[in-house]
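Working notes, beginning with the structure itself.
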Amino acid sequence: MMRFSKAYIPTTKESPKDAQLPSHIYLSRAGFIAQVASGLYNFLPLGKRVLRKIETIINEEMAACGALEVDLSFVTPAELWEESGRIEKFGKELLRFRDRKENLFVLGPTHEEMMVNIVRNRVTSYKQLPLNVYQIKTKFRDEARPRFGLMRAREFVMKDGYSFHASTEDLDREFDAMEAAYKRVLERLGLKFRIVEADSGAIGGTGSKELMVLAQSGEDTLAVCDTCEYGANVEAARRAPRTDIPAAPEADFARFKTPGIKSIDDLSAFFHADPYYTLKAVVLRAVYTEGSELVCFFLRGCDELQEVKARNSVGAIDLVDASEAELSEIGLVPGFIGPLDQDKIRIVMDNDTRNATAMICGANEADYHFVGVDLGVMNEAHFADLAAVQEGDGCPNCSGKLLHTKGIEVGHIFKLGTVYSAPLKAEFLDENGRSQPFIMGTYGMGVSRLVAAVIEQHHDDRGCIWTPSTAPYLVNVMVSNVKEEAHLAYAETLYEALQKQGIETILDDRKERFGFKMSDAELIGFPYTVIVGKELDNGSVQIMIRSTREMITVDADKVIDTIGELVQ
RNA sequence: CGGGGCGUAGCUCAGUAUGGUUAGAGUACUUGGUUUGGGACCAAGGGGCCGGAGGUUCGAGUCCUCUCGCCCCGACCA
């Protein structure tokens with residue numbers, strides 16, 4: 001019998017001073033987790049139960065898809081990371097150390113290399129494909145700045161799955177199956193979420209989607225359609241072509257004196273033209289694996305540069321600010337930079353500027369702009385999607401409007417293709433007896449982050465509100481005054497009966513006062529608390545529904561039925 | 001890695017400008033008593049290398065130097 005008096009649930013009235021987010025505050029105060037060091041947490045008994053609940057749901061959904069669970073070594077030989085080239089790319093996030101024989105190892109931050117290593121030379125024929133293997137395991141990433149409790153920890157629990165295919169068509173099928181499975185997991189957890197298009201970025205591959213739990217504290221900004229299912233991380237969001245095009249300024253092509261007019265606002269006011277007709281220049285230094293160069297990104301004045309898109313457009317690892325000195329050095333005048341007649345710098349034009357007319361842009365000379373510019377002359381230039389999607393922009397898939405919202409990334413699924421299998425020479429023989437690298441997919445889900453995400457989405461000013469499938473115990477049977485022997489005896493009987501029904505229950509039999517135990521019940525967030533107290537003398541008890549804090553009075557012999565109805 | 005802040009009882013914090021009894025409060029904990037439907041009350045207790053190391057001084061939680069740790073903003077983040 002799980003008696004609260006014998007359990008280890010150290011609740012506190014005070015918040016730990018370092019905690020900022022609701023999930024961090026309440027999970028700490030309610031005794032689910034305890035911090036050990038920066039980005040490292042101990043899971044106490046309640047926290048471990050929640051973790052296991054989430055893992056169980058994931059395992060069930062993976063089994064339903066035919067995915068196979070494995071468990072790979074946490075400590076991985078550094079050679080594997082050198083082979084894939086990621087020892088450099090991952091950099092300091094990889095925690096490295098040497099064993100007694102001076103061999104170099106890293107703590108696994110993700111397991112593409114190990115998983116490929118398991119499969120290569122063992123799966124050798126297309127007849128053995130497809131294959132989908134996964135694990136739920138502790139990962140370690142030596143984050144530059146761990147923060148927000150479980151949301152961004154250095155040591156965390158992740159479900160990581162990898163699939164191997166003989167064709168891209170088969171990968172597409174599996175990718176969709178995994179998306180559906182992940183969706184079911186989040187639905188079962190009771191979370192509001194959105195599946196969004198994502199930037200595949202450094203990991204490469206042909207497509208990726210993120211699973212975002214919607215919460216104000218989310219670190220990612222999403223553009224979501226108010227009408228259809230479209231959603232995307234702003235890093236990858238697309239939009240429909242603009243329809244409400246403002247009136248164009250009337251001007252023939254000319255060079256115009258614009259003394260001291262440097263900003264888009266000034267320019268727009270000076271010419272009484274909508275910023276839509278001005279051309280914004282953003283010069284950044286693109287950093288590559290080897291070397292770097294200055295790049296000028298042009299977009300309409302009403303748009304903002306989206307850095308991830310800009311980075312992808314030139315294949316850079318990083319974009320850093322360029323100083324005015326660097327610009328002057330190559331003969332560019334900040335505030336008056338334009339794309340016409342200049343070969344001083346690499347240019348990338350936003351798609352929305354293609355064939356733009358009646359434009360105002362810098363003349364590459366101090367205090368002069370061109371007006372009435374037809375950008376059709378730039379058709380040979382490098383065009384790319386560079387602009388950040390703004391709220392109110394049109395949905396690319398329907399006639400709806402895009403809105404911004406915040407999300408917590410709890411899952412990310414990728415179509416990898418041969419990004420890992422080719423360099424690691426993981427190959428099979430196809431039907432024609434030809435050697436081919438595996439076509440791969442990878443599917444991650446942050447299990448410990450999900451614990452935090454549930455609370456970020458489900459809490460109030462009194463504490464946690466666990467969803468039925470994530471609660472450490474579904475029902476808390478609270479004895480108001482344990483000195484009332486009849487009350488305690490009834491509560492113990494009720495506890496046994498609930499357990500017999502398969503309802504996970506805890507009995508709060510502590511010698512504390514009513515208010516103290518109620519506050520704990522609310523802080524911990526059991527979905528239902530059965531209050532066994534003085535009402536029992538009238539043959540009834542009360543059930544407090546945590547999500548609404550509503551109290552309902554029920555006959556003492558109908559508690560199980562009522563709980564059953566509440567859970568459905 | 002840049003910028004800022006904080007390390008004193010299990011926890012949350014005073015005390016540090018101006019060095020000076022035995023370093024404090026609240027809470028938590030132990031014991032006894034009174035209470036018992038919204039974090040009770042009374043009484044008596046236990047608990048500290050004031051993050052660490054050097055230094056200045058007759059004397060350092062307090063001043064100086066160096067370190068380590070933690071948090072926040074930013075950069076970074078399959």
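Each chain gets a letter, A, B and so on, in the order the sequences are listed, and its residues count up from 1.
In this model, no side-chain donor or acceptor of A/K13 finds a partner on the base of B/rU12 within 3.5 Å. For A/E512 against B/rG39, no side-chain N or O and base N or O form a donor-acceptor pair under 3.5 Å.
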Name the pairs: protein N/O against N/O of nucleotides 40-46 of chain B, kept only if under 3.5 Å.
residue: B/rA40; atom: OP2; partner: A/R513; partner atom: NE; Å: 3.4

What protein N or O atoms touch nucleotides 30-34 of chain B N or O atoms at under 3.5 angstrom, if any, and at what distances?
none

Pick out the pairs of N or O atoms, protein on one side and nucleotides 5-10 of chain B on the other, that lie under 3.5 Å.
none

Close N or O pairs between protein and nucleotides 73-75 of chain B (under 3.5 Å):
residue: B/rC73; atom: OP2; partner: A/R145; partner atom: NH1; Å: 3.2
residue: B/rC73; atom: OP2; partner: A/R145; partner atom: NH2; Å: 2.7
residue: B/rC73; atom: N4; partner: A/R145; partner atom: NE; Å: 3.4

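Using a 4.0 Å heavy-atom criterion, one finds that A/P10 contacts no nucleic acid atom at all. At the heavy-atom level, A/A37 lies under 4.0 Å from the strands shown only through sugar-phosphate atoms. If you check every strand for non-hydrogen atoms under 4.0 Å, A/E219 touches nothing. At a threshold of 4.0 angstrom between heavy atoms, the contacts of A/K483 include nucleobase atoms, whether or not backbone atoms are also involved. Among the heavy atoms of the strands lying under 4.0 Å from A/Q542 is at least one base atom, whether or not backbone atoms are also near.
Surrounding CG of A/D321 are at most 12 heavy atoms belonging to other residues, nucleotides or ligands under 6.0 Å away. The number of heavy atoms from other shown groups lying within 6.0 Å of NZ (A/K183) does not exceed 12. By the 6.0 Å contact criterion, CD on A/Q216 is open, its count of non-hydrogen atoms from other residues, nucleotides or ligands being 12 or less.
In this structure, CG of A/N233 is placed 13 Å from P of B/rC77, rounded to the nearest angstrom. Taking atom CE on A/M551 and atom P on B/rG38, their separation rounds to 10 Å, with Å as the unit. We find that CZ of A/R311 is positioned 9 Å from C1' of B/rC76, with the value rounded to whole Å. The separation between A/E235 atom CD and B/rC76 atom C1' is 12 Å, rounded to whole Å. Taking atom CG of A/L523 as the reference point, atom P of B/rC11 lies 18 Å away to the nearest angstrom. In this structure, A/Q20 atom CD and B/rC70 atom C1' are separated by 12 Å, rounded to whole Å. For A/E14 and B/rC11, the CD to C1' distance is 7 Å, given to the nearest whole Å. Rounded to an integer number of Å, the gap from CZ of A/R86 to C1' of B/rC77 is 13 Å.
Remark: the backbone N or O of A/K517 is not paired with any side-chain donor or acceptor of A/E512 at under 3.5 angstrom. With A/R546 contributing its side chain and A/E522 its backbone, the two residues share a donor-acceptor pair below 3.5 Å.
Under a 4.0 Å N-O distance rule, the pair A/R145/A/E219 does not qualify as a salt bridge. One finds no salt bridge joining A/D176 and A/K415 here, because no Lys/Arg side-chain nitrogen approaches an Asp/Glu carboxylate oxygen to under 4.0 Å. Note on A/K92 versus A/D142: no salt bridge recorded, every NZ/NE/NH1/NH2 to OD/OE distance being 4.0 Å or above. Taking a cutoff of 4.0 Å between a charged side-chain nitrogen and a carboxylate oxygen, A/K139 and A/D160 qualify as a salt bridge. Residues A/R3 and A/E492 are paired through a salt bridge, judged by an N-O separation under 4.0 Å between the basic side chain and the carboxylate.
A distance of 10.5 Å separates CG in A/L150 from CG in A/L21, rounded to the nearest 0.5 Å.
Nucleotides B/rC49 and B/rG2 have their C1' atoms positioned 35 Å apart, rounded to a whole Å. Distance noted for atom C1' between B/rU21 and B/rA17: 22 Å (whole Å). Separating the P atom of B/rC29 from that of B/rC73 is a span of 34 Å, rounded to the nearest Å. With both ends at atom C1', the span from B/rU22 to B/rG15 equals 16 Å, rounded to whole Å. Rounded to a whole angstrom, the distance from the P atom of B/rG54 to that of B/rU16 is 26 Å. Of the P atoms belonging to B/rA14 and B/rC77, the separation is 37 Å, rounded to the nearest Å. To the nearest whole angstrom, the two P atoms, one in B/rG46 and one in B/rU31, are 15 Å apart. Taking atom C1' in both B/rG33 and B/rG48, one finds a spacing of 30 Å when rounded to whole Å.
Taking 4.0 angstrom as the limit, A/S38 places a side-chain polar atom (N or O) nearer than this to OP1 or OP2 of B/rC71.
Checked options A/N233, A/V410, A/I408; the residue passing with A/M212 is A/N233 (criterion: side-chain contact (heavy atoms from CB on, under 4.5 Å)).
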Which atom pairs, one a donor and one an acceptor, fall under 3.5 Å between side chains of residues 31-51 of chain A and the rest of the protein, sequence neighbours left out?
residue: A/Q35; atom: NE2; partner: A/A37; partner atom: O; Å: 3.1
residue: A/Y41; atom: OH; partner: A/H24; partner atom: NE2; Å: 3.4
residue: A/R49; atom: NE; partner: A/P472; partner atom: O; Å: 2.8
residue: A/R49; atom: NH1; partner: A/Y473; partner atom: OH; Å: 3.4
residue: A/R49; atom: NH2; partner: A/P472; partner atom: O; Å: 3.3
residue: A/R49; atom: NH2; partner: A/E504; partner atom: OE2; Å: 3.2

Check the pair A/S84, A/Y420 against side-chain hydrogen bond (donor to acceptor under 3.5 Å, both in side chains), reporting the backbone distance first and the verdict last. CA-CA 7 Å; A/S84 71; A/Y420 291 92; over 6 Å; no
Residues A/E293, A/Y288; criterion side-chain hydrogen bond (donor to acceptor under 3.5 Å, both in side chains); working and verdict: CA-CA 8 Å; A/E293 67 174 332; A/Y288 306 102; 2.7 Å; yes
Might you work through the side-chain hydrogen bond (donor to acceptor under 3.5 Å, both in side chains) test for A/E174 and A/H165, ending with a clear yes or no? CA-CA 9 Å; A/E174 189 73 10; A/H165 308 272; 5.1 Å; no
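Inter-residue side-chain proximity for A/F97 and A/V75 is flagged as met; some heavy-atom pair is nearer than 4.5 Å.
Between A/Y26 and A/H459, the two ring planes are tilted [angle within 30° to 60°].
Of the two residues near RNA chain B, A/E409 and A/L536, the one whose nearest nucleotide lies more 5' is A/L536. Of the two residues near RNA chain B, A/R510 and A/R154, the one whose nearest nucleotide lies more 5' is A/R510.
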Encoded 5' to 3' (Watson-Crick or G-U under 3.5 Å; [ ] crossing; | other strand), RNA chain B becomes (((((((..((((......[...)))).((((((.....)))))).....(((((..]....))))))))))))....
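B/rA17 takes the syn form, because its glycosidic angle lies no more than 90° either side of 0.
The two atoms that bring A/L211 and A/H412 nearest to each other are CD1-N, 4.4 Å, heavy atoms only.
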